[in-house]
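Input: a single structure, listed below in structure tokens.
Proteins come first, then strands; the chains are lettered A, B, ... in the order of their sequence lines, and each starts at number 1.
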2 protein chains.
Amino acid sequence: MNYHEAKDKFIQTWGTLGSSWGISRTMAQVHALLLISPEPLSTEDVMEQLKISRGNANMNLRDLLDWGLAFKELKSGERKDFFVAEKDIWKVAKQIIKERRKREIEPVLNVLEELKNVKGDKNDKRHKAFVESVTNIERVVEKADFAFDKAVKLDENAIVSALFKLFK
Amino acid sequence: MNYHEAKDKFIQTWGTLGSSWGISRTMAQVHALLLISPEPLSTEDVMEQLKISRGNANMNLRDLLDWGLAFKELKSGERKDFFVAEKDIWKVAKQIIKERRKREIEPVLNVLEELKNVKGDKNDKRHKAFVESVTNIERVVEKADFAFDKAVKLDENAIVSALFKLFK
DNA sequence: TTTAACTTTCAATAATTATTGAAAGTTTTA
DNA sequence: TAAAACTTTCAATAATTATTGAAAGTTAAA
């Protein structure tokens, strides 16, 4: 496998992984491309290399900025925007967790809290099962949320070694 | 909010959460329905309550069995299959992590390993950046994989309290 | 200003993914 | 064995999501 084949395969693989972890396929591909580029890339570079349209490139680059996974870099003498990826993959992972916590877990916790206040006959089996389910789920979601919150504030090795000690 | 509104809202919410964590919307909705049902449900019950077709209900119930998130329960005297959800949400979370690890992380690790062997000029900047990126990414993905692997073998409180101690 | 370089938007369209429902398949009972 | 009860499959279609590209918008140099 030569450099170009490897690069392609990497972009595809990262795209697939990304899309299964909540960031869109193309966004992950753009991120992959930036990740392995030693130099900052312009929108046009991204368009050419990934063979995507200007609109698409623009939109995904902006999303990457939104997620904190890429940054603008201005070159003196150039009017174009150039982009670089966050290259510390542990930071990338933490950033994704942080964003998804905010975008997905928080709203769910709000709904669960609301649902516990459902009115109904306390002797109704369905009602009882419902409140019980919601309460259990809320408890676990809160704990997971707590764990993620802590995880994004810690460094990689601390977490891994803590889990390792627990397990030994 | 009465019981039926609450139930609907729960099913919708769980569906949304599920779809953002890698299990399909309808599959998560079926799971939600089973979760709050005190009695096992048949395919027909699921069809009626979620207003989905027989094929769809069947497919999603089978997927839930595949993922280990629901189980068949046979009622004596009945020919139909009945289904119950795994109600321990921590087990559900672990099961999802386990499945996704197998389905998504493992293949990526294999590709990354392969990509490190790319042939090329060691003095080429791009080549060097490429191998470096892949190596870093592999390291982090492996650690995340390790952490998840440990997580699915531990109980909820152990993990949370370990993280808590680390953070205090 | 005006013009050129560049970025953003968005309606149209393409690609992907989920759903339907009828037909085929299977198992159980009589 | 036949018929009934139930499950599974899958081609057609619907719903959703991503992408295009031309036009509108912005910024900076001349």
Side-chain angles (χ1 to χ4, degrees), chain A residues 11-12 14-34 40-67 69-84 100 103-104, chain B residues 11-12 14-34 40-67 69-84 100 103-104:
Chain A
I11 290 171
Q12 297 314 321
W14 203 237
T16 305
L17 184 67
S19 73
S20 71
W21 289 91
I23 68 182
S24 91
R25 204 179 96 260
T26 306
M27 181 169 147
Q29 288 178 343
V30 175
H31 181 251
L33 177 62
L34 294 176
L41 301 183
S42 68
T43 303
E44 302 235 327
D45 294 333
V46 172
M47 287 167 62
E48 276 169 31
Q49 297 207 40
L50 297 183
K51 296 186 180 60
I52 60 175
S53 71
R54 181 172 300 284
N56 201 8
N58 178 266
M59 199 194 127
N60 282 292
L61 283 166
R62 303 190 86 247
D63 284 351
L64 282 172
L65 297 179
D66 263 11
W67 279 73
L69 301 178
F71 311 99
K72 269 190 191 176
E73 201 161 290
L74 300 174
K75 284 193 185 177
S76 55
E78 293 264 20
R79 302 244 312 250
K80 281 188 246 186
D81 289 342
F82 287 79
F83 301 88
V84 291
R100 297 195 62 190
R103 293 174 195 219
E104 296 154 12
Chain B
I11 291 171
Q12 297 315 320
W14 203 236
T16 305
L17 185 68
S19 74
S20 70
W21 289 91
I23 67 180
S24 91
R25 206 179 93 259
T26 306
M27 182 169 147
Q29 288 179 342
V30 175
H31 181 250
L33 177 61
L34 293 176
L41 301 182
S42 69
T43 304
E44 302 236 327
D45 295 332
V46 171
M47 288 167 63
E48 276 168 31
Q49 296 208 40
L50 298 182
K51 295 186 180 60
I52 60 176
S53 71
R54 181 171 302 282
N56 200 9
N58 178 265
M59 199 194 127
N60 282 291
L61 283 166
R62 300 190 87 246
D63 284 350
L64 282 171
L65 297 180
D66 262 11
W67 280 73
L69 301 179
F71 311 100
K72 269 191 190 174
E73 201 161 288
L74 299 174
K75 284 192 183 177
S76 55
E78 293 264 19
R79 299 228 333 233
K80 281 188 244 187
D81 288 343
F82 287 80
F83 300 88
V84 292
R100 298 195 60 191
R103 293 174 196 220
E104 296 154 13

Nearest 0.5 Å, please: how far is [atom2] in [Y] from [atom1] in [X]?
{"X": "A/Phe82", "Y": "A/Lys72", "atom1": "CZ", "atom2": "NZ", "value": "12.5 Å"}
{"X": "B/Ser53", "Y": "B/Met59", "atom1": "OG", "atom2": "CE", "value": "10.5 Å"}
{"X": "B/Ser42", "Y": "B/Glu48", "atom1": "OG", "atom2": "CD", "value": "7.5 Å"}

Mind calculating the distance between [atom1] ([X]) and [atom2] ([N]) to the nearest angstrom?
{"X": "A/Arg62", "N": "C/dT8", "atom1": "CZ", "atom2": "C1'", "value": "7 Å"}
{"X": "B/Leu50", "N": "C/dA18", "atom1": "CG", "atom2": "C1'", "value": "15 Å"}
{"X": "B/Glu44", "N": "D/dT8", "atom1": "CD", "atom2": "P", "value": "13 Å"}

Main-chain N/O of B/Arg54 paired with B/Asn58 side-chain donor or acceptor, under 3.5 Å: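 No.
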
Could you report the tightest heavy-atom contact between A/Leu64 and A/Met27, atom names first, then the distance?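 Looking at all heavy atoms of both residues, the shortest contact is CD2-CG, 3.6 Å.
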
Only one of A/Asn60, A/Val46, A/Leu50 clears side-chain contact (heavy atoms from CB on, under 4.5 Å) with A/Gln29; which? A/Leu50

The residue among B/Val30, B/Asp81, B/Leu41 that forms side-chain contact (heavy atoms from CB on, under 4.5 Å) with B/Leu61 is B/Val30

At a heavy-atom distance below 4.0 Å, what parts of residues 71-83 of chain B sit against DNA chain D? B/Arg79, B/Lys80, B/Asp81

Within 45° of the axis and under 6.0 Å from the centre of the six-membered ring of A/Trp21, does NZ or CZ of B/Arg100 qualify? yes

Mind listing the N/O atom pairs, protein and nucleotides 19-21 of chain C, below 3.5 Å?
from   : atom 1 : to      : atom 2 : distance (Å)
C/dT19 : OP1    : B/Thr26 : OG1    : 2.6
C/dT19 : OP2    : B/Thr26 : OG1    : 2.8
C/dT20 : OP2    : B/Ser53 : N      : 2.7
C/dT20 : OP2    : B/Ser53 : OG     : 3.1
C/dT20 : OP2    : B/Asn56 : ND2    : 3.0

